[in-house]
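For the single chain, residues carry numbers from 1 onward in sequence order.
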Amino acid sequence: MAPAVPLAVLALVALVAPGLGAAPGCDHPAHRWCSSPDAAAACQVQGRCPSLPSPAAAPVELSLYYESLCPACRQFLVLKLFPTWLLLPEEMLSITLVPYGNAQERNVSGKLDFECQHGPEECLGNMMEACLMNEAKNFSTYFPVIFCLESGTSVTKNLEACLQIYAPEVDSGRIAACVQGDTGVALMHHNAQVTQALDPPHQYVPWITVNGKHTDELQAQAEASLLGLVCHLYQGEKPEVCGSSKAPKFPAGCRR
C-alpha cells in the first residue's frame, strides 16, 4: 500500500502546478511566493495569489506656475488647490509649485535680476515662497504657509505670523538669508528655466499642467472643479469625498 501524502505537500503541489520548479529569477521559498507583489512577480505566480493587495496607483501630478501677487493665481491656490489637497489622501495628488509666471530674467553687469509683472513686491513674494520651499523641504510643511501668505492681506509682510501658525519649526531667519543672498537668486533662475521650458509655452498664469500636460480643456476643468478632475483621473480606489462640485468663477488670468 502506497504511503499517504501529507496534506501540506498536496497544497504545495497545487500552488506550484503547473510547472513544479521555481521561475528563473525566483529566490523565494515556495511558501513565500505570495507574500508580496514583488515576490509573486519574481516567481511568476501573480495569478495564483488572490490575497495580494492591488498595486498602488500613481498620484495625479499637478504643477502650478503662478505669480505671488496675481489675483487669479491667488484665488486658484486659496479656493481650489489648497482645499483639494486637504480633502484628498496624500497618495492621490502630487503638487509642484513654481512661483515665477510672467517674470523676466535679466543679466545686469554680470548679475541676474528679475522684473515681475506686478512690480518689485511680487518679485520679493516669489523669492520668499521659493526660499520657504527650499528651507522647509516637506510639502505638507510649506504649503499651509504659502496658503496663509496668499490668502492674507500681504504676501510679503506676513511670513513671521504664518510660520508661527503653520510651521513654527521653520527658521524665518534662514528664509530671509536665502532671499537676500545667492540662494534666492539661484532658486528664481531655476524657476525661470522651468517656466521657459514649458511646452506649449505658457500664455498666462495661473498655468496648470496635469500629469505633465497642458491643454485648454485641462485648464478649464481644473479651474471649474479641481477635485472632480483629480478624482476622475486617479486610477486607484477613490475616497468618498470624490465628486465634482461647482466652483466660484475666477477673474481673468494674468496675461503677459
Side-chain angles (χ1 to χ4, degrees), residues 62-88 90 93-106 108 111-195 202 204-208 226 248 250-251 253-254:
L62 184 144
S63 295
L64 175 64
Y65 298 81
Y66 71 104
E67 299 167 348
S68 62
L69 297 188
C70 167
C73 300
R74 298 177 73 175
Q75 290 203 32
F76 178 78
L77 190 151
V78 170
L79 297 181
K80 289 302 236 178
L81 189 58
F82 188 74
T84 299
W85 175 72
L86 286 178
L87 288 169
L88 293 176
E90 183 178 356
L93 180 60
S94 175
I95 300 171
T96 300
L97 300 175
V98 185
Y100 186 80
N102 299 328
Q104 298 293 320
E105 183 180 57
R106 302 173 300 174
V108 179
K111 293 185 177 181
L112 291 178
D113 187 42
F114 303 93
E115 183 176 334
C116 296
Q117 184 172 12
H118 299 92
E121 190 80 359
E122 180 168 82
C123 282
L124 175 59
N126 291 346
M127 191 176 291
M128 283 177 59
E129 293 184 5
C131 284
L132 167 64
M133 289 184 246
N134 185 65
E135 182 62 30
K137 309 296 183 188
N138 190 293
F139 186 84
S140 62
T141 300
Y142 63 71
F143 193 30
V145 180
I146 291 177
F147 162 79
C148 179
L149 294 173
E150 294 292 342
S151 61
T153 55
S154 173
V155 171
T156 58
K157 295 178 182 178
N158 291 337
L159 179 62
E160 288 280 0
C162 289
L163 285 175
Q164 284 299 314
I165 296 169
Y166 291 104
E169 73 276 14
V170 177
D171 186 351
S172 62
R174 291 178 63 88
I175 296 173
C178 169
V179 170
Q180 296 164 10
D182 294 338
T183 302
V185 174
L187 291 171
M188 294 313 300
H189 175 62
H190 170 76
N191 286 355
Q193 291 181 310
V194 171
T195 303
H202 86 284
Y204 50 83
V205 287
W207 187 262
I208 301 161
L226 181 61
F250 288 86
C254 296

Show the nearest heavy-atom pair for residues [X] and [Y], with the distance to one decimal.
X: Cys70; Y: His118; value: CA-CE1, 3.8 Å
X: Thr141; Y: Pro144; value: O-CD, 3.6 Å
X: Ala72; Y: Val205; value: CB-O, 4.5 Å
X: His202; Y: Asn102; value: NE2-OD1, 2.7 Å

State, with a plain yes or no, whether a side-chain heavy atom of [X] is found less than 4.5 Å away from one of [Y].
X: Leu226; Y: Phe76; value: yes
X: Leu69; Y: Gln117; value: no
X: Asn191; Y: Asn126; value: no
X: Ile208; Y: Tyr65; value: no
X: Met127; Y: Leu187; value: no
X: Ile175; Y: Leu163; value: yes
X: Leu62; Y: Thr84; value: no
X: Pro99; Y: Met133; value: yes

All pairs passing salt bridge (Lys or Arg N to Asp or Glu O under 4.0 Å) where residues 133-146 contributes a residue, at least two apart: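 Residue pairs with at least one partner in residues 133-146: Glu135-Arg174.
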What verdict does the side-chain contact (heavy atoms from CB on, under 4.5 Å) test give for Asn134 and Leu132, after you've listed the backbone C-alpha separation in whole Å, the side-chain angles of each residue and the deciding distance to 0.1 Å? CA-CA 5 Å; Asn134 185 65; Leu132 167 64; over 6 Å; no
Considering residues at least two apart in sequence or located in another chain, which fulfil the side-chain hydrogen bond (donor to acceptor under 3.5 Å, both in side chains) criterion with Asp182?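 Scan of Asp182 (side-chain hydrogen bond (donor to acceptor under 3.5 Å, both in side chains), adjacent residues dropped) gives none.
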Name all residues meeting the side-chain hydrogen bond (donor to acceptor under 3.5 Å, both in side chains) criterion together with Glu160; count only those two or more places apart in sequence or in a different chain, and write none if there are none.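 Glu160 satisfies side-chain hydrogen bond (donor to acceptor under 3.5 Å, both in side chains) with Ser172 once adjacent residues are dropped.
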Just verifying a value: how many Å separate [X] [atom1] and [Y] [atom2], rounded to the nearest 0.5 Å?
X: Met188; Y: Thr183; atom1: CE; atom2: OG1; value: 13.5 Å
X: Met128; Y: Leu159; atom1: CE; atom2: CG; value: 4.0 Å
X: Gln104; Y: Asp113; atom1: CD; atom2: CG; value: 11.5 Å
X: Phe143; Y: Tyr166; atom1: CZ; atom2: OH; value: 11.5 Å

Backbone of Ala192 reached by a side-chain donor or acceptor of Thr195 within 3.5 Å: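 Between the backbone of Ala192 and the side chain of Thr195 there is no qualifying donor-acceptor contact (under 3.5 Å).
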Donor-acceptor pair, Arg74 side chain versus Gly152 backbone, under 3.5 Å?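 Yes, Arg74 side chain to Gly152 backbone: donor-acceptor pair under 3.5 Å.
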Do Glu129 and Tyr66 have side-chain atoms, one donor and one acceptor, less than 3.5 Å apart?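 Note: Glu129 and Tyr66 side chains meet the donor-acceptor criterion.
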Would you say Glu122 and Ser68 are linked by a side-chain donor-acceptor pair, where the criterion is simply a distance under 3.5 Å?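 No, no side-chain donor-acceptor pair sits under 3.5 Å.
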If the condition is salt bridge (charged side-chain N to carboxylate O under 4.0 Å, His left out), which residues does Glu115 pass it with, not counting sequence neighbours?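 Glu115 satisfies salt bridge (charged side-chain N to carboxylate O under 4.0 Å, His left out) with Arg106 only.
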Please work out which of the three classes, parallel, tilted or perpendicular, describes the rings of Tyr142 and Phe139, given edges at 30° and 60°.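 Ring orientation of Phe139 relative to Tyr142: perpendicular.
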Parallel, tilted or perpendicular: which one describes the rings of Phe114 and Tyr100, with boundaries at 30° and 60°?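 Perpendicular, since the angle between the ring planes exceeds 60°.
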Crowding at CD, Glu169 (>12 non-hydrogen neighbours, <6.0 Å):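 Yes, because the 6.0 Å sphere around CD of Glu169 holds more than 12 heavy atoms from other groups.
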Partners meeting disulfide bond (SG atoms under 2.5 Å apart) with Cys131 (sequence neighbours left out):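 Partners of Cys131 by the disulfide bond (SG atoms under 2.5 Å apart) criterion, ordered by chain and then number, come out as Cys178.
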Checking Phe82 against Ser151 for the side-chain contact (heavy atoms from CB on, under 4.5 Å) test, could you report, in this order, the C-alpha distance in whole Å, the side-chain angles of both residues, the deciding distance, and whether it holds? CA-CA 11 Å; Phe82 188 74; Ser151 61; over 6 Å; no
Step-by-step side-chain contact (heavy atoms from CB on, under 4.5 Å) determination, Leu64 to Leu81: CA-CA 9 Å; Leu64 175 64; Leu81 189 58; 3.8 Å; yes
Check side-chain contact (heavy atoms from CB on, under 4.5 Å) between Asn158 and all other residues, then give those that pass, not counting sequence neighbours.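 Expected list: Leu149, Thr153, Ser154, Cys162.
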